[in-house]
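Quick notes on the structure that follows.
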Amino acid sequence: MLKVGIVGVGTVGTSVCKILEDNKDIITARAGIEIVPVAGVVNNLSKKRDVSIKLTDNPDDLLNDDSIDVIIELMGGVEEPYAVVKKALEKGKAVVTANKALLAYHRYELQAIAGDIAFEYEAAVAGGIPIINALRDGLTANHIESIRGIINGTCNYMLDKMINENIPYDIILKEAQELGYAEADPTFDVGGFDAAHKLLILASIAYGIDAKPEDILIEGIENISAEDIEFAKEFNYAIKLLGIAKKKDNKVELRVHSVLIPNDEMIAKVDGVMNGISVIGDKVGETLFYGAGAGGDATASAVIANIIDIARKGKGSPMLGFKKPLEDGLTLASKDDIETKYYLRMQVEDKSGVLAKVATILGNKNISIKTMLQKPCDKDKANLLLSTHTCKEKDIKEALSELESSGVVLSAPAMIRIEE
Ligand code: HSE
């Protein structure tokens, strides 16, 4: 019998207990041993919960219990779970976590602490989609050329409703919170941080890149306007929040931001709260993973798969899937060197010379305009909506700040990167 203790018995923890009971036969057959949840940690012992395991409010009760083989960490947060997980590993217990923020900050320290002890985290990225397994096992023969993922269901749900049902941002954010999709602090979702945590985990497995959230470009969906949506529809784009990892020579770009992406790309068709991840390997070509990125049962499905794996193999392989540096000399690309196409939106006075000034500022930075729409708005004002050919992030940022200070635009221009 493999005994499991769950630190943080909320929606996912409750699903873990329920699925271990509901699917006991098949899980035992696959694991080769019965997996039994025996105890859980909660903050509030007086709250009624739908589980029959023994509950405590002190993680040490589980960590000091030598009969518990595996600790499931489902607390959320960073430093508190880090202390719990570290202690569990030091006590020789295997660990399974669904905690992406913990891994975004501490995955390399935890890998060192874990050594040969199994440390698994399939549920931390894209909930029920086995993307960690795919990258760490299924695609290991490949150099990974790129990963592009819709890995935040809240943003995807919101963008879908904003674009296809014209529901305003604030209303749809509230709805996403009520439906339980959003993080406790929804700025983690709409600001792109949740997606960044997940991207950093994927980038470690694919490239061995050791970066923290503050090292990479992270933007959210807060600035998407009705005009942007109109432009996207006019030019047959979807708007998505993507986590992107791309290898170019010996640099890896890591970035999270909203993008305009052609409607006929498969990933553009991932709608609602679903997640979708495209991985391109140099030998396998493109692979696409689609499924539920959150939710009790989908996330618990991934947690239990990890427990079964631990039951089968005992001690695990290295947490991030490699022991030596993956590729010598491969480093994180500077944010300034990112090259892509851009969509720009700016409000200007509708008078002669304005368009010429905008074009001059862009031209001086070697930024070439590809398409343009001018939409009259309030009296004597117009919205300029334009897309560029490929240019450098540094040039576009400088051009935007020049536009803002030039007096030509009436408020700070907005920008969305185009992914095609
Ligand atoms: N808030 C996250 C999302 C939950 O919307 O995708 C799953 O990590």
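Remember, it's 1-based here, ligands and their atoms both numbered in the order they're listed. When reading the values below, keep in mind they use all heavy atoms of this one structure, side chains included, and skip hydrogens, waters and symmetry mates.
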Exercise. Just by distance, with hydrogens left out, do D297 and S15 show a side-chain donor and acceptor under 3.5 Å apart?
Worked result: yes
Exercise. Under 30°, 30 to 60°, or over 60°: which ring-plane class applies to F231 and Y237, parallel, tilted or perpendicular?
Worked result: parallel
For this session: Identify, by atom number and element, the atoms of ligand 1 in contact range of Y181, meaning under 4.0 Å from any of its heavy atoms.
Result: 1 (N), 2 (C), 3 (C), 4 (C), 5 (O)
Exercise. Side chain of K370, backbone of S387: donor and acceptor closer than 3.5 Å?
Worked result: no
Exercise. Against heavy atoms of G153, which atoms of ligand 1 measure under 4.0 Å?
Worked result: 3 (C), 5 (O), 6 (O)
Problem set entry | Interfacing atoms of ligand 1 (cut-off 4.0 Å, heavy-atom, K100) | 4 (C), 7 (C), 8 (O)
For this session: Please determine if N275 has a nitrogen or oxygen closer than 3.5 Å to a nitrogen or oxygen of ligand 1.
Result: no
Exercise. What is the minimum heavy-atom distance between A124 and K100, and which atoms define it?
Worked result: O-CB, 3.4 Å
Problem set entry | Location of contacts on D189 toward ligand 1, heavy atoms closer than 4.0 Å | side chain
Exercise. Against heavy atoms of A294, which atoms of ligand 1 measure under 4.0 Å?
Worked result: 4 (C), 7 (C)
Exercise. Hey, which atoms in ligand 1 end up nearer than 4.0 Å to a heavy atom of T154?
Worked result: 1 (N), 3 (C), 5 (O)
Exercise. Can we say K375 and E227 salt-bridge, meaning some charged N sits less than 4.0 Å from an Asp/Glu carboxylate O?
Worked result: no
Exercise. Okay, side chain of T140, backbone of R136: is any donor-acceptor separation there less than 3.5 Å?
Worked result: no
Problem set entry | Cationic N near anionic O, under 4.0 Å, E393 to R417 | yes
Exercise. Are the side chain of Q111 and the backbone of M319 linked by a donor-acceptor contact shorter than 3.5 Å?
Worked result: yes
Exercise. If you count the atoms of ligand 1 from 1 in the order shown, which ones are under 4.0 Å from a heavy atom of E183?
Worked result: 1 (N), 2 (C), 4 (C), 8 (O)
Problem set entry | Part of V273 with heavy atoms under 4.0 Å of ligand 1, whether side chain, backbone, both or neither | neither
Exercise. What do you reckon, does G293 put a non-hydrogen atom under 4.0 Å from ligand 1?
Worked result: yes
Exercise. Do any N/O atoms on A182 end up under 3.5 angstrom from N/O atoms on ligand 1?
Worked result: no
